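Structure first, then comments.
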Amino acid sequence: MASWRAEEVLVVPRAEIFPDGAWHGFIHDDPHPYLSIIAECRQFRPRGEVEEDPDYQQIIPYLVFRHGDRYLLTRRLKQSSEKRLRHLFSLGVGGHINRVDVADEAADPVEEGLRREFEEEVVYEGGWSHRLIGLINDDSNDVSRVHLALVFEVTGDRAEISIRETGKLEGELLRLEEMQIYYLDMESWSQLIYDHLLDRERSAGVVAATPLMVQQ
């Protein structure tokens with residue numbers, strides 16, 4: 001079996017994504033122009049060459065599953081391939097876009113990658129739709145620094161969803177207020193997404209404006 005370091009993953013030069021300097025955090029106002037930049041400047045490079053190279057942003061479709069007012073919260077277990085994130089909670093599932101995802105050159109690699117990732121990570125028999133709700137750039141740690149997350153909200157018409165590889169992940173559907181107790185143990189991306197979703201629900205009058213724990 002080929003090493004993960006030899007996998008060819010989709011990247012974009014950091015200078016193309018951030019021509020005016022990198023922003024930090026979660027952006028949700030008009031994120032779609034970044035898809036055009038990715039389409040025009042995308043490259044496939046061996047993951048081992050870019051995993052610690054901040055000159056390239058590895059593009060990660062990150063899928064936040066929702067049914068009604070509940071979201072899928074997962075936790076990485078001991079067998080997770082990403083050692084640096086083991087035991088942390090996550091509001092999404094995601095992964096690299098590989099060259100093998102794009103058998104048809106005319107296909108959209110982001111679209112192909114996100115569908116493959118969703119099917120690999122979860123078992124879901126219901127109908128679902130997705131939409132881009134934001135992007136994340138987080139330079140606060142070594143894992144996030146070389147990745148750019150395209151955050152898609154996946155809306156399902158059934159609540160029955162399960163983790164495919166139960167040795168690597170566990171998960172359940174929870175309301176935002178129910179998962180607040182796990183906030184300090186969430187991956188940094190998930191904390192940013194949680195804050196955005198909570199603000200969105202408060203603006204819509206869905207949840208009460210209770211104080212949010214701040215990471216120490």
Side-chain angles (χ1 to χ4, degrees), residues 10 12 17-18 22-40 42 57-74 85 88-97 101 108-122 124 126-140 143-145 147-159 161 169 171-180 182-183 186-207 209 212 215:
L10 190 146
V12 174
I17 286 286
F18 305 122
W23 43 264
H24 175 84
F26 182 96
I27 66 165
H28 60 90
D29 293 330
D30 195 20
H32 291 85
Y34 286 92
L35 295 180
S36 298
I37 296 174
I38 293 169
E40 293 171 5
R42 72 190 189 212
Q57 297 296 116
Q58 299 169 56
I59 306 302
I60 307 294
Y62 195 76
L63 313 178
V64 179
F65 179 84
R66 173 188 178 188
H67 178 262
D69 62 352
R70 294 188 296 163
Y71 298 83
L72 180 64
L73 183 70
T74 67
L85 299 177
L88 294 181
F89 289 89
S90 174
L91 252 173
V93 296
H96 295 84
I97 301 172
D101 290 330
D108 179 348
V110 172
E111 192 75 17
E112 297 295 315
L114 73 86
R115 290 184 178 278
R116 188 263 304 160
E117 189 66 30
F118 188 68
E119 292 170 359
E120 281 188 356
E121 297 289 351
V122 302
Y124 189 67
W128 58 280
S129 60
H130 64 280
R131 65 187 184 96
L132 181 67
I133 62 170
L135 283 81
I136 292 176
N137 180 61
D138 177 14
D139 290 343
S140 67
V143 179
S144 299
R145 186 173 295 120
H147 298 87
L148 180 72
L150 307 181
V151 183
F152 291 88
E153 184 174 58
V154 173
T155 302
D157 62 8
R158 293 176 55 184
I161 186 170
L169 285 175
E172 63 178 322
L173 290 176
L174 295 172
R175 295 178 179 86
L176 293 178
E177 60 267 32
E178 293 174 326
M179 65 178 72
Q180 186 176 8
Y182 305 115
Y183 184 84
M186 287 183 186
E187 300 166 6
S188 60
W189 284 5
S190 293
Q191 290 180 336
L192 292 168
I193 295 170
Y194 180 91
D195 292 344
H196 168 71
L197 295 176
L198 193 64
D199 286 343
R200 188 178 72 176
E201 289 201 355
R202 286 174 176 168
S203 297
V206 176
V207 296
L212 180 65
Q215 189 170 17

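All values below come from the heavy atoms of this structure, side chains included, with hydrogens, waters and symmetry mates left out. Here the structure is a predicted model, which is why all the values come from computation and not from measurement.
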Task: Evaluation steps, side chain to side chain contact (heavy atoms under 4.5 Å, CB included), between Trp189 and His147 - done: CA-CA 11 Å; Trp189 284 5; His147 298 87; 3.7 Å; yes
TODO: I would like to know whether Val151 and Leu192 meet side chain to side chain contact (heavy atoms under 4.5 Å, CB included); could you show each step before the answer?
DONE: CA-CA 11 Å; Val151 183; Leu192 292 168; over 6 Å; no
Open item on the list: Pair Val154, Arg66 - check side chain to side chain contact (heavy atoms under 4.5 Å, CB included), show working.
Closed with: CA-CA 6 Å; Val154 173; Arg66 173 188 178 188; over 6 Å; no
Open item on the list: Please determine whether side chain to side chain contact (heavy atoms under 4.5 Å, CB included) holds for the pair Arg70 and Glu172, giving the CA-CA distance in whole Å, both sets of side-chain angles, and the decisive distance to 0.1 Å.
Closed with: CA-CA 9 Å; Arg70 294 188 296 163; Glu172 63 178 322; over 6 Å; no
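A distance of 4.5 Å separates OH in Tyr71 from CD in Glu201, rounded to the nearest 0.5 Å. Put simply, CZ on Arg42 and CD1 on Ile37 are 14.0 Å apart, with the number rounded to the nearest 0.5 Å. Rounding to the nearest 0.5 Å places CH2 of Trp23 at 8.0 Å from CD1 of Ile136.
A side-chain donor-acceptor contact under 3.5 Å links Tyr194 to the backbone of Leu176. Side chain of Ser190 to backbone of Leu91: a donor-acceptor contact under 3.5 angstrom is found. At least one donor-acceptor pair closer than 3.5 Å links the side chain of Tyr124 to the backbone N or O of Arg158.
The nearest pair of heavy atoms linking Arg145 to Asp139 is NH2-O, 3.0 Å. Between Gly127 and Asp157, the closest heavy-atom pair is N-OD1, 2.9 Å. When all heavy atoms of Ile133 and Phe26 are compared, the pair lying nearest together is O-CZ, 3.7 Å. Ile60 and Gly94 get closest at one heavy-atom pair: CG2-C, 4.2 Å. A pairwise comparison of heavy atoms in Leu135 and Pro31 identifies CD1-CB, 3.0 Å as the closest pair. The shortest non-hydrogen separation linking His24 to Ser140 is CE1-N, 4.3 Å.
Ring planes of Phe118 and Trp128: tilted class, angle from 30 to 60°.
Using a 4.5 Å cut-off on side-chain heavy atoms (C-beta onward), Asn137 and Gln57 make contact. Residues Met179 and Met186 meet the side-chain proximity criterion, which asks for heavy atoms closer than 4.5 Å. For the pair Phe152 and Val110, the minimum side-chain heavy-atom distance is below 4.5 Å. Between Ile38 and Leu150 there is a side-chain heavy-atom pair separated by less than 4.5 Å. In this structure, Leu63 and His130 have side chains that are not in contact, with every pair of non-hydrogen atoms separated by 4.5 Å or more. At a threshold of 4.5 Å between non-hydrogen side-chain atoms, the residues Leu72 and Ile161 count as touching. Residues Glu117 and Tyr62 are not in side-chain contact: their nearest non-hydrogen atoms beyond the backbone lie 4.5 Å or more apart. A heavy-atom distance below 4.5 Å is found between the side chains of Tyr183 and Asp195.
When the side chain to side chain contact (heavy atoms under 4.5 Å, CB included) test is applied to Glu178, the partners found at least two apart in sequence or on another chain are Leu174, Arg175.
Look at Glu120 and Arg116 and you find a salt bridge, because one of the NZ, NE, NH1 or NH2 atoms lies within 4.0 Å of a carboxylate O, short of that distance. Under the 4.0 Å criterion applied to side-chain N and carboxylate O atoms, Glu111 and Arg115 are assigned as salt-bridge partners.
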